[in-house]
Protein chains: 2
Amino acid sequence: MATNKYISMSVIKRLPRYYRFLSNLKDDGISRISSKELSNRMGLTASQIRQDLNCFGGFGQQGYGYNVETLYEEIGKILGVDQGFKMILVGAGNLGRAIATHMSFQSRGFELIGIFDKNQAIAGEMIKNIPIRSINVLDDFCKENLPVVAALCIPSSESEEIVDQLVALGIKGFWNFTHFDILAKYPDVAVENVHLSDSIMTLSYQVMNTA
Amino acid sequence: MATNKYISMSVIKRLPRYYRFLSNLKDDGISRISSKELSNRMGLTASQIRQDLNCFGGFGQQGYGYNVETLYEEIGKILGVDQGFKMILVGAGNLGRAIATHMSFQSRGFELIGIFDKNQAIAGEMIKNIPIRSINVLDDFCKENLPVVAALCIPSSESEEIVDQLVALGIKGFWNFTHFDILAKYPDVAVENVHLSDSIMTLSYQVMNTA
DNA sequence: ATCATTTTGGTAACAATAGTTACAACAAAA
DNA sequence: TTTTGTTGTAACTATTGTTACCAAAATGAT
């Protein structure tokens, strides 16, 4: 049990994948699994799995392996799927709407409580039982409802201003779909980037350079 | 000039970001930049920039720096933004539609030539001047038009079957938005994963554990 | 023009991080 | 018991990133 030490981002990034595989194992009615068997299924080394899990405590048992249900729940706790962080979404264009409707926020630790767009014409439209609000009421809404996290699906040009505004309103994390890089300007704000354009360009490189 | 040596994925993943910053510099009318100045703007070390760029050749000049326009074009070539790889999109739900309408495929090295969905009811609908086709005609379409890359926006449960089918049809790369992990089953097929659920869970962890 | 000075990229040596191999300790099964 | 299976962890290796330095080019003074 070594909960206080620093955990590298490499480890954190692997946790959701473990969580996913454990969920599948559960669905398949498998109640125990060894690091070796899991490593076969996931395509990585058994040792890495053991080392990753040991960052958070000894969840396994020698000669037995890991209890699927327990491990699933433990990783869920580590990732905070039970936190229900209040989230707002800014930008209700194609991508914003898709994110709002497509994602299962609740099972990932979030609760979507508001959607905002600068386009007055679409204000009032409902997405997943949440009305699109004008960006003009963002301030008031945040002061009243205290969201913790914001998903950004707006053009890059508007990003910096909105980020400043939201940080001032107490936002502690961004799910950033814009091209804008939220830099170390705000050291105690978490940022998770989803740069789709970067991703597709990486694919292009890979296609060119794969045997 | 060392073009033949292996380039690590860490370097490749940074290239689109360089490309983005260089594009901004160009727009701002800046024609030359030193690794030091660029490192300031990007929040990384000057040395890393020089080392990264040197993987592909000596684009800079001592005492001068890098020519923005030239470097932009060179990185573009490395990433293959001029390749125009034929791409199809499978799954025209919320996410698939958003990807199709939101992304600028052309400027990233791709050309979207077909959209497919298993739902017969939406067949014929147009997205970006491309008709949604039934998944039943996927085989014929691919044999005739020879797409190279496929974007997957379908449920995980259907992924494995579709992947097998597409690989058999000659697809060399996947832009994978599903939960399904395309494993090393096909070693000469490139895969770029966009696991949105994994991403949002990572954010949850970060929000909990950021000072 | 020329020469010293400053700037800067390229590269090698070094350091830090991440991942693998190896094994002792323990639990389960026979 | 003894044997087998499996974890947790230490030692080792590989990869990635940083520091340090040299040579080339630009700049500025004479």
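No hydrogens, no waters, no symmetry mates; every other heavy atom, side chains included, goes into these values. In this text the structure is predicted, and so the values were computed from the model without any measurement. Naming convention: chains lettered A, B, ... in sequence-line order (proteins, then strands); numbering from 1 in each chain.
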Euclidean distance, atom [atom1] of residue [X] to atom [atom2] of [N] [Å, nearest integer]:
| X | N | atom1 | atom2 | value |
| --- | --- | --- | --- | --- |
| A:E37 | D:dG5 | CD | P | 14 Å |
| A:K13 | C:dA18 | NZ | C1' | 16 Å |
| A:L44 | C:dG19 | CG | C1' | 11 Å |
| A:N67 | D:dT6 | CG | C1' | 15 Å |
| A:Q48 | D:dT6 | CD | C1' | 18 Å |
| B:I49 | D:dT16 | CD1 | P | 18 Å |
| A:F59 | D:dT7 | CZ | P | 14 Å |
| B:I33 | C:dT8 | CD1 | P | 10 Å |

Distance criterion of 3.5 Å, no angle test: do you see the side chain of A:Q51 paired donor-to-acceptor with the base of C:dT20? yes
Check the interface with nucleotides 1-4 of chain C: list each N/O to N/O pair with the protein under 3.5 Å, or write none.
none

Give a yes/no answer on whether the side chain of [X] brings an N or O atom under 4.0 Å of OP1 or OP2 in [N].
| X | N | value |
| --- | --- | --- |
| A:T45 | C:dG19 | no |
| A:S8 | C:dA18 | yes |
| B:S10 | D:dT16 | yes |
| B:Y66 | C:dG10 | yes |

Which nucleotide in C:dG9, C:dT11, D:dT7 has an atom nearest any side-chain atom of B:N54: C:dT11
B:H195 side chain vs B:T178 backbone, donor-acceptor pair below 3.5 Å: yes
If we only count heavy atoms from C-beta on, is the B:F177 to B:L89 side-chain gap below 4.5 Å?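 B:F177 vs B:L89: side chains apart.
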How are the rings of B:Y205 and A:F56 set relative to one another: parallel (under 30°), tilted (30 to 60°) or perpendicular (over 60°)? perpendicular
When you look at CD of A:E111, are more than 12 heavy atoms from neighbouring residues, nucleotides or ligands closer to it than 6.0 Å? yes
For nucleotides 20-30 of chain D, which of its nitrogen or oxygen atoms have a protein nitrogen or oxygen under 3.5 Å away, and what is each distance?
| from | atom 1 | to | atom 2 | distance (Å) |
| --- | --- | --- | --- | --- |
| D:dA25 | O4' | B:Q62 | O | 3.2 |

Residues that A:R14 engages under salt bridge (charged side-chain N to carboxylate O under 4.0 Å, His left out), provided they are two or more places apart: A:D52
Give a yes or no on whether a salt bridge exists between A:E73 and A:K77, defined as a side-chain N under 4.0 angstrom from a carboxylate O. no
For B:K86 against B:L146, the heavy-atom pair lying closest together: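 That would be CD-O, 4.2 Å.
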Only one of B:I75, B:N54, B:L71 passes side-chain contact (heavy atoms from CB on, under 4.5 Å) with B:F59; say which it is.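 For B:F59, the side-chain contact (heavy atoms from CB on, under 4.5 Å) test succeeds with only one of B:I75, B:N54, B:L71, which is B:L71.
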Hey, what do you get for CD (A:Q106) to CG (A:L112), rounding to the nearest 0.5 Å? 11.0 Å
